[in-house]
Participant: 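Sharing a structure, written as C-alpha cells. Questions coming.
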Amino acid sequence: MPSSLLFLFISFFFAIVRAEDPYRFFDWNVTYGTIYPLGLPQQGILINGQFPGPDIHSVTNDNIIINVFNSLDEPFLLSWNGIQQRRNSYEDGVYGTTCPIPPGKNFTYILQMKDQIGSFYYFPSLGFHKAAGGFGGIRILSRPRIPVPFPDPAGDYTVLIGDWYQANHTTLRAQLDNGSMLPLPDGILINGRGPNRTASINVEQGKTYRLRISNVGLQSSLNFRIQGHRMKVVEVEGTHTLQTEFSSLDIHVGQSYSVLVTADQPAQDFYIVVSSRFTTPILSTTAILRYANSAGSVQGPPPGGPTIQIDWSLNQARAIRTNLTASGPRPNPQGSYHYGMITTTRTIVVANSAGIVDGKQRYAVNSVSFIPADTPLKVADFFKIGGVFRVGSISDWPNGGGIYQDTSVMGADYRAFVEIVFQNNEDLIQSWHLDGYSFFVVGMDGGQWTSNSRNQYNLRDAIARCTVQVYPKSWSAIYVALDNVGMWNIRTEFWARQYLGQQFYLRVYTPSTSLRDEYPIPKNALLCGRATGRRTRPL
C-alpha cells in the first residue's frame with residue numbers, strides 16, 4: 001500500500017481517537033504453504049510464512065494498523081475474537097460487516113484496543129479457512145499506571161490449542177457444501193504442532209510464568225494440564241479473576257484463559273497435555289515444560305484428565321469468578337459496575353438445532369439457518385440499500401418450527417440492558433460467541449431454562465467474557481449492556497455448524513449520527529455486492 005494512502009487512512013482516525021494513544025504497524029502477507037502439523041504434508045494458511053501466525057502485542061487503547069495482503073486464490077478476511085471494535089463494527093472482519101479482500105489485493109485494518117486488557121486471538125472468518133490456519137494470539141497489556149493483581153511474570157507465553165483435520169480446508173468445505181457432516185477431527189495441536197512435532201515451553205526453577213491459552217480449534221472442548229504443576233487462573237477474556245488454582249482446566253472452543261504456573265518442581269522435563277472432552281474416542285497430544293538445566297526427560301505416562309464428566313466441568317466453570325477489587329483497563333475496580341442491580345429491559349432465548357433442508361445438513365438458531373447476503377449487512381445498512389436483510393427476521397424466542405433459511409438479523413436498542421439465554425436441547429456441548437461485547441455469565445445449569453432459573457443467578461461476581469459454553473441438554477444465561485452501536489455476529493464456535501447456518505446478527509441501533517455513538521464507514525472500506533461503485537465519502 002502506498003505510504004501516502006495509508007497516511008490518509010490514519011489521519012482520519014486522529015480526528016476520532018486521542019492523539020496520545022500509540023500506533024503499532026503490521027504488514028502481513030497471507031499465503032498458502034506446506035505444513036506438517038500431524039506429521040504428514042498438507043496445505044496450510046500462513047501469515048508472513050508463519051503457522052500459527054505472529055502474535056499481536058499491544059497495550060490498552062493502542063491503535064493497531066494491520067495491512068493484510070491476500071496472496072491466496074480466494075477472498076479472505078481476518079476477524080479479531082474478543083476485540084470489541086468500539087463504535088466500529090466495520091472492522092470486525094466477518095462477512096456481515098466487512099467486504100472480503102479479493103485475491104491479489106490488500107486491505108488495511110485500523111483497530112483500537114479501546115478500554116480492553118487481556119488474552120484473545122485472531123482467525124480467518126471466511127470459507128472454512130480456519131481449518132487451514134491463519135490464526136494467532138492477541139495480548140493487550142495494562143497501561144503502566146494501572147495496577148495488575150499479580151507480580152510481573154518471568155515470561156509470558158501464547159499457547160494456541162485446537163483440534164485439527166488432516167484434510168485440506170477445501171476438502172472439508174466441499175463436504176459441508178454437499179450436505180455432509182464432518183467426522184471427528186484427526187488430532188490436537190499445541191502451537192501448530194501435533195504428537196509428532198512436540199512443542200516446548202522453557203522455564204527456570206523457582207520462577208512464575210503466564211500462559212495465555214486460547215482454544216482456536218473447530219469444535220472440540222479441550223482440557224489443559226501440566227504434569228506435577230498447578231495452574232492459577234488470573235484472567236479470562238479481558239477480566240481479572242479470583243485467583244483459583246486448578247490441576248487441569250477445561251477450555252471450550254473459542255475461549256481464552258490466562259494462568260500462572262510456578263516452576264516449583266525438580267529441574268527436569270514435564271508433560272503438557274491437551275485432550276478432548278465429551279468425545280469418543282478421546283483425542284490427545286503433548287508438549288514439554290522444559291526446565292533450564294533439566295536433569296532428564298519426562299518420566300512416567302502423561303497425566304490423565306477428565307473425559308466425559310459434565311458436572312466436573314460445570315462446577316469448575318461456576319468457580320471462575322470476577323476479582324471485584326482488581327482494576328481492569330481503567331484504575332477503578334472491576335466490581336464498581338453493579339450489573340446485578342440493573343433491571344433487564346428484554347429477554348432473548350436462543351436455541352440451537354440441526355436438521356435437513358433441501359436434502360442437505362443445516363444448523364439453525366430459533367429455527368432460522370443463516371445464509372449470507374450478497375452484500376455485507378453493515379455496509380448495506382450504511383448506504384441504506386434495501387432488500388439485503390430485514391430486521392426482525394429471527395424471533396426472540398424459539399418457535400418450535402422446522403428449520404428454514406434466511407439472512408437473520410435481530411434488532412436491539414442502543415443502551416438496552418439485555419438478558420440472553422442460550423438453550424441447548426441437543427446431546428453435544430455448544431460454545432457461543434458475541435462480537436463487540438463482553439457479557440456477564442450469570443448462570444448455567446442442566447435442563448430447560450425458566451423464569452425460576454433466575455433464582456440461582458450470580459448477581460455479584462459473575463465472570464465477564466465474550467464466549468460461553470452451554471453443556472448438553474442445558475442452558476447458560478448472560479447479561480449484556482448494549483453500549484456498542486453496530487452489526488454484531490452471534491455465532492456458535494462449532495465451526496461446521498457456524499458455516500452451515502448457526503449464527504445471526506444483532507443490529508444495535510441508534511438514530512444518532514454522532515461520532516460519540518458510532519464512527520462512519522472507514523474511508524478505505526472495500527465495497528462489494530450492491531455497494532460496488534459507491535463512495536465512502538462525498539466528493
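Starting from 1, each residue takes its place in the sequence as its number. The figures here come from the full heavy-atom set of this structure, side chains too, leaving out hydrogens, waters and symmetry mates.
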Participant: Side chain to side chain contact (heavy atoms under 4.5 Å, CB included) with V480: which of L506, T344, L434?
Facilitator: L434
Participant: Are side-chain N/O atoms of D62 and Q112 paired as donor and acceptor at under 3.5 Å?
Facilitator: no
Participant: Between T467, I478, I420, I463, which is the residue that forms a side chain to side chain contact (heavy atoms under 4.5 Å, CB included) with F439?
Facilitator: I478
Participant: Salt bridge (charged side-chain N to carboxylate O under 4.0 Å, His left out), that's the test. Do R491 and D435 meet it? Break it down for me.
Facilitator: CA-CA 9 Å; R491 62 176 178 267; D435 280 351; 3.0 Å; yes
Participant: Would you check if there is a donor-acceptor pair between the side chains of D461 and Q334 at a distance under 3.5 Å?
Facilitator: no
Participant: Test V485 against every option in R87, R516, R86, E518 by the side chain to side chain contact (heavy atoms under 4.5 Å, CB included) rule and name the one that passes.
Facilitator: E518
Participant: Between N191 (side chain) and T158 (backbone), is there a donor-acceptor pair under 3.5 Å?
Facilitator: yes
Participant: Counting only heavy atoms not in R534, do more than 12 fall under 6.0 Å of its CZ?
Facilitator: yes
Participant: Side chains of S125 and S79 only: does a donor on one sit below 3.5 Å from an acceptor on the other?
Facilitator: no
Participant: So does D73 have more than 12 non-hydrogen atoms from other groups sitting under 6.0 Å from CG?
Facilitator: yes
Participant: Can you tell me which residue among E493, Q469, Q502 is in a side chain to side chain donor-acceptor pair (under 3.5 Å) with Q430?
Facilitator: Q502
Participant: Donor-acceptor pair, distance only, cut-off 3.5 Å: does the side chain of D55 make one with the backbone of H57?
Facilitator: no
Participant: Assess, by modelled atom type and distance only, whether the side chains of N399 and S395 contain a donor and an acceptor separated by less than 3.5 Å.
Facilitator: no
Participant: Are K114 and D21 within salt-bridge range, i.e. N to O under 4.0 Å?
Facilitator: no
Participant: Say whether D92 and T97, considering side chains only, have a donor N or O and an acceptor N or O under 3.5 Å apart.
Facilitator: no
Participant: Look up atom OH in Y414 and atom CG in L482, then write down how far apart they are to the nearest 0.5 Å.
Facilitator: 10.5 Å
Participant: Looking at Q255, R465, H433, Q116, which one forms a side chain to side chain donor-acceptor pair (under 3.5 Å) with E237?
Facilitator: R465
Participant: Between E74 and R173, is there a salt bridge with N-O shorter than 4.0 Å?
Facilitator: yes
